[in-house]
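What follows is a single structure, written as structure tokens, with notes after it.
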Amino acid sequence: MQSNDTLRRNMPVFSMSVVTKLSELSARQIRYYETHELIKPQRSEGNKRLFSLNDLERLLEIKSLIEKGFNMRGIKQIIHNEQEHLSDDEQLTRKKMIVEATQKPQREAIPINRGDLSRFIKK
DNA sequence: GTTCTGACA
DNA sequence: TGTCAGTA
């Protein structure tokens, strides 16, 4: 049975204006992340996005990753990695591999599907 | 007035 | 990523 807490965290209650203020991300960026399926806000009858507390927290994490220099690919892998139910140890191992391959100092995209990394990342 | 999608002198 | 257009 789903807890009341989980229920509340998934309630679609925030408008785009509220989320842009709380996350300090532009509406453009938020929509962009949605097209990449990093978040999946529900829609109102008028097709307006309705974000949940979970969506907001997800956006805040994406924001921190962007600021650390991750590109869309790296962020996608990290988000998807967290959604999988793996042991903390295994999750940490994957995270380190992802960091080494995608967190570039000069914020440049790096191909990461060659060699060892492919063994840790599900395509 | 706010949000949405698509597009780029 | 910003921003403008044309809607809903």
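We name chains A, B, ... by the order of the sequence lines, and we start the count at 1 in each one. Source: prediction; values computed, not measured.
Secondary-structure stems of DNA chain C, taken as three or more successive Watson-Crick or G-U wobble pairs (i with j, i+1 with j-1) under a 3.5 Å distance threshold, comprise B:4-8 with C:2-6.
The shortest non-hydrogen separation linking A:K40 to A:D55 is N-OD1, 4.0 Å. Nearest heavy atoms, A:V99 versus A:F70: CG2-CZ, 4.0 Å.
When each of A:T93, A:L92, A:I98 is paired with A:K96, the side-chain contact (heavy atoms from CB on, under 4.5 Å) condition holds for A:L92 and for no other.
Comparing A:R31 and A:R28 by the nucleotide of DNA chain B that holds the closest heavy atom to each, the one mapping nearer the 5' end is A:R31.
Residues from residues 32-49 of chain A with heavy atoms under 4.0 angstrom of DNA chain C, sorted by number: A:Y33, A:K48.
Side-chain atoms of A:S3 and A:T6 include a donor-acceptor pair closer than 3.5 Å.
The outermost nucleotides of DNA chain B lying under 4.0 Å from heavy atoms of chain A, listed 5' to 3', are B:dT3 to B:dA7.
Contact check on A:E34 versus A:R43 returns a salt bridge, with a Lys/Arg side-chain nitrogen under 4.0 Å from an Asp/Glu carboxylate oxygen.
Annotation: salt bridge (Lys or Arg N to Asp or Glu O under 4.0 Å) contacts involving residues 7-18 of chain A, sequence neighbours excluded, comprise A:D5-A:R9, A:R9-A:E57. Residue pairs meeting the ring-ring contact (aromatic ring centres under 6.0 Å, His included) criterion with at least one member in residues 33-60 of chain A, sequence neighbours excluded, are A:Y32-A:H36.
With sequence neighbours left out, the ring pair (Phe, Tyr, Trp, His ring centres under 6.0 Å) criterion links A:H80 to no other residue.
Following chains of ILVMFWY side-chain contacts shorter than 4.5 Å, one can reach A:I30 starting from A:I66, so the two form part of one hydrophobic cluster.
Atom CD of A:Q83 has more than 12 heavy atoms from other residues, nucleotides or ligands within 6.0 Å.
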